[in-house]
2 protein chains.
Amino acid sequence: MGADRRTDILRAAARVIARRGVRGLRVSEVAAEAGISTALVYYHFKDRAGILHRTLEFISDRAERYTGGHPGQGSREDNPRQALERSLLLEFQDRPEVRENSTAWGELQATAVFDPELREALAGARLIWLRRLTDALGRIHPASPASARTLGAERLTATLEGLSTRWLSGLLRLEHARELMREAIAVEVAQLERRTAVAL
Amino acid sequence: MGADRRTDILRAAARVIARRGVRGLRVSEVAAEAGISTALVYYHFKDRAGILHRTLEFISDRAERYTGGHPGQGSREDNPRQALERSLLLEFQDRPEVRENSTAWGELQATAVFDPELREALAGARLIWLRRLTDALGRIHPASPASARTLGAERLTATLEGLSTRWLSGLLRLEHARELMREAIAVEVAQLERRTAVAL
DNA sequence: GTCTATAAAGCGATAGAC
DNA sequence: GTCTATCGCTTTATAGAC
């Protein structure tokens with residue numbers, strides 16, 4: 001737990017965001033969650049905005065870990081198609097860590113609409129995801145045009161986030177969200193197949 | 001402008017949400033935007049949460065208007081496919097009214113994750129949209145299985161919102177978002193076509 | 001590095017006059 | 001219906017001791 005203080009605080013902040021939202025985040029609650037005083041939080045971070053900024057990076061890194069890095073490079077027994085599906089469906093689990101990450105991610109995404117600084121940080125994390133998915137699609141249909149892969153990846157991330165929001169706000173049950181995501185992948189892969197055929 | 005006070009306030013609230021987000025909404029700023037005192041806002045609405053709640057309905061109604069009600073029933077020259085596309089692409093325009101509505105909608109959606117009351121109101125508006133899209137898909141492929149239509153509609157709304165968020169936070173340029181949405185529709189319609197073929 | 005105490009400001013909400 | 005004035009709480013952020 002106590003790798004170092006900064007990490008403790010960020011972990012606590014992620015928990016608080018998942019529980020209360022970015023708007024509901026109180027520095028004092030982060031401190032309580034981390035078991036320290038408010039002043040110490042300010043010793044380690046410049047201000048509230050700084051905490052949010054760093055928490056975004058923390059969450060992004062953690063998601064990288066639990067989705068197992070690049071899909072298709074982790075477990076070798078999977079074929080590329082299964083790897084992509086597994087990687088995207090990992091975002092839909094009822095484990096606290098995942099729910100926390102998804103919730104916080106959605107919150108920060110929403111906040112970024114009004115916060116230029118946050119936006120920048122998000123753009124970076126988003127690019128990583130996009131490249132990852134584009135690569136995964138490339139492994140499935142290596143002969144497909146690169147542009148078609150990028151578009152597909154972009155739509156998949158958008159769908160992922162839309163479904164995620166719906167799941168987290170209780171508008172969609174977990175299994176339903178998973179089903180919709182699975183089919184979205186199927187649909188995109190089929191589309192890519194058509195595009196590959198045309199290109200050949 | 002001055003239809004009645006309540007409406008003035010709601011219009012002002014929508015503008016403020018679009019500018020600052022739900023998180024950034026200050027009752028005093030709503031009052032200033034409407035050109036009245038803070039106290040008068042509280043005379044017309046119970047509390048801050050009440051304003052938010054009613055603003056959601058206001059936005060939902062207004063969107064209904066500018067998307068022209070049920071797609072395929074508006075302009076008769078359109079075929080059902082074009083009508084669906086037009087209806088969904090109406091959410092991606094740089095008109096202030098639309099940008100405002102989309103922003104506020106995204107905000108309320110995000111807020112609903114932490115607000116059970118808002119969730120309920122949202123569920124209603126969401127159902128309307130869903131039915132609308134399901135019907136539109138039905139007009140395109142009348143012989144398709146109803147379940148396939150519902151799933152398609154659900155994915156389209158999720159994609160719409162995901163893309164909308166990305167557009168509004170400047171991660172996607174407007175034209176790019178429109179292109180992605182257009183292709184998402186194409187992809188779903190194609191999928192529905194396959195499902196129809198299987199069902200026959 | 002860490003705490004207690006507190007300043008400073010923000011903001012929701014109401015009282016009461018007109 | 002509408003305003004001015006203000007209460008009272010919450011929350012960010014810092015000062016200063018250890």
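Numbers restart at 1 for each chain; the letters A, B, ... are given by sequence-line order, proteins then strands. Small disclaimer: the values here were computed from a predicted structure and weren't measured.
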Please tabulate, one pair per line, each protein N/O and nucleotide N/O from nucleotides 3-5 of chain D that are separated by under 3.5 Å, including the distance.
unit_1: dC3(D); atom_1: OP2; unit_2: Ser37(B); atom_2: N; d: 3.0
unit_1: dC3(D); atom_1: OP2; unit_2: Ser37(B); atom_2: OG; d: 3.0

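- Put simply, CG on Asp4(A) is 15 Å from C1' on dT2(C), counting in whole angstrom units.
- In the set dA13(D), dT2(D), dA13(C), the nucleotide with an atom closest to the side chain of Tyr42(B) is dA13(C).
- Distance CD1 (Ile9(B)) to C1' (dG1(D)): 11 Å, rounded to an integer number of Å.
- Across all non-hydrogen atoms, the minimal contact from Glu33(B) to Ala12(B) is CG-CB, 3.7 Å.
- Phe45(A) places its CZ atom 18 Å from the C1' atom of dT14(D), with the value rounded to the nearest Å.
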Please enumerate all protein N or O atoms sitting under 3.5 Å from an N or O of nucleotides 9-11 of chain C, with distances to 0.1 Å.
unit_1: dC11(C); atom_1: OP1; unit_2: Arg26(B); atom_2: NE; d: 2.4
unit_1: dC11(C); atom_1: OP1; unit_2: Arg26(B); atom_2: NH2; d: 3.3
unit_1: dC11(C); atom_1: O5'; unit_2: Arg26(B); atom_2: NE; d: 3.3

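- As rounded to whole Å, 13 Å separates atom C1' of dT12(D) from atom CG of Leu52(A).
- When hydrophobic side chains of Ile, Leu, Val, Met, Phe, Trp and Tyr are connected at separations under 4.5 Å, Leu130(B) ends up as a singleton with no cluster partners.
- Put simply, NE2 on His44(A) is 16 Å from C1' on dA13(D), counting in whole angstrom units.
- Between Leu84(A) and Ile140(A), the closest heavy-atom pair is CD2-CD1, 3.8 Å.
- Here dG1(D) presents its P atom at 11 Å from CZ of Arg6(B), a figure rounded to the nearest Å.
- Partners of Arg20(A) according to the salt bridge (charged side-chain N to carboxylate O under 4.0 Å, His left out) rule, which considers only residues two or more places apart in sequence or in another chain, are Glu29(A).
- If you chain together ILVMFWY residues whose side-chain heavy atoms come under 4.5 Å of each other, Ile36(B) ends up grouped with Ile9(B), Leu10(B), Val16(B), Ile17(B), Val22(B), Leu25(B), Val27(B), Val30(B), Leu40(B), Val41(B), Tyr42(B), Tyr43(B), Phe45(B), Ile51(B), Leu52(B), Leu56(B), Phe58(B), Ile59(B), Trp105(B), Leu108(B), Leu118(B), Leu122(B).
- Around atom CD of Glu120(B), no more than 12 heavy atoms belonging to other residues, nucleotides or ligands sit under 6.0 Å away.
- Surrounding CZ of Arg182(B) are more than 12 heavy atoms belonging to other residues, nucleotides or ligands, all under 6.0 Å away.
- Per the geometry, CG belonging to Asp8(B) stands 13 Å off C1' belonging to dG1(D), to the nearest Å.
- Think of Leu171(B) as one node in a network of Ile, Leu, Val, Met, Phe, Trp and Tyr side chains linked at under 4.5 Å; it has no links at all.
- If you check the side chains of Arg149(A) and Ser144(A), you find a donor sitting under 3.5 Å from an acceptor.
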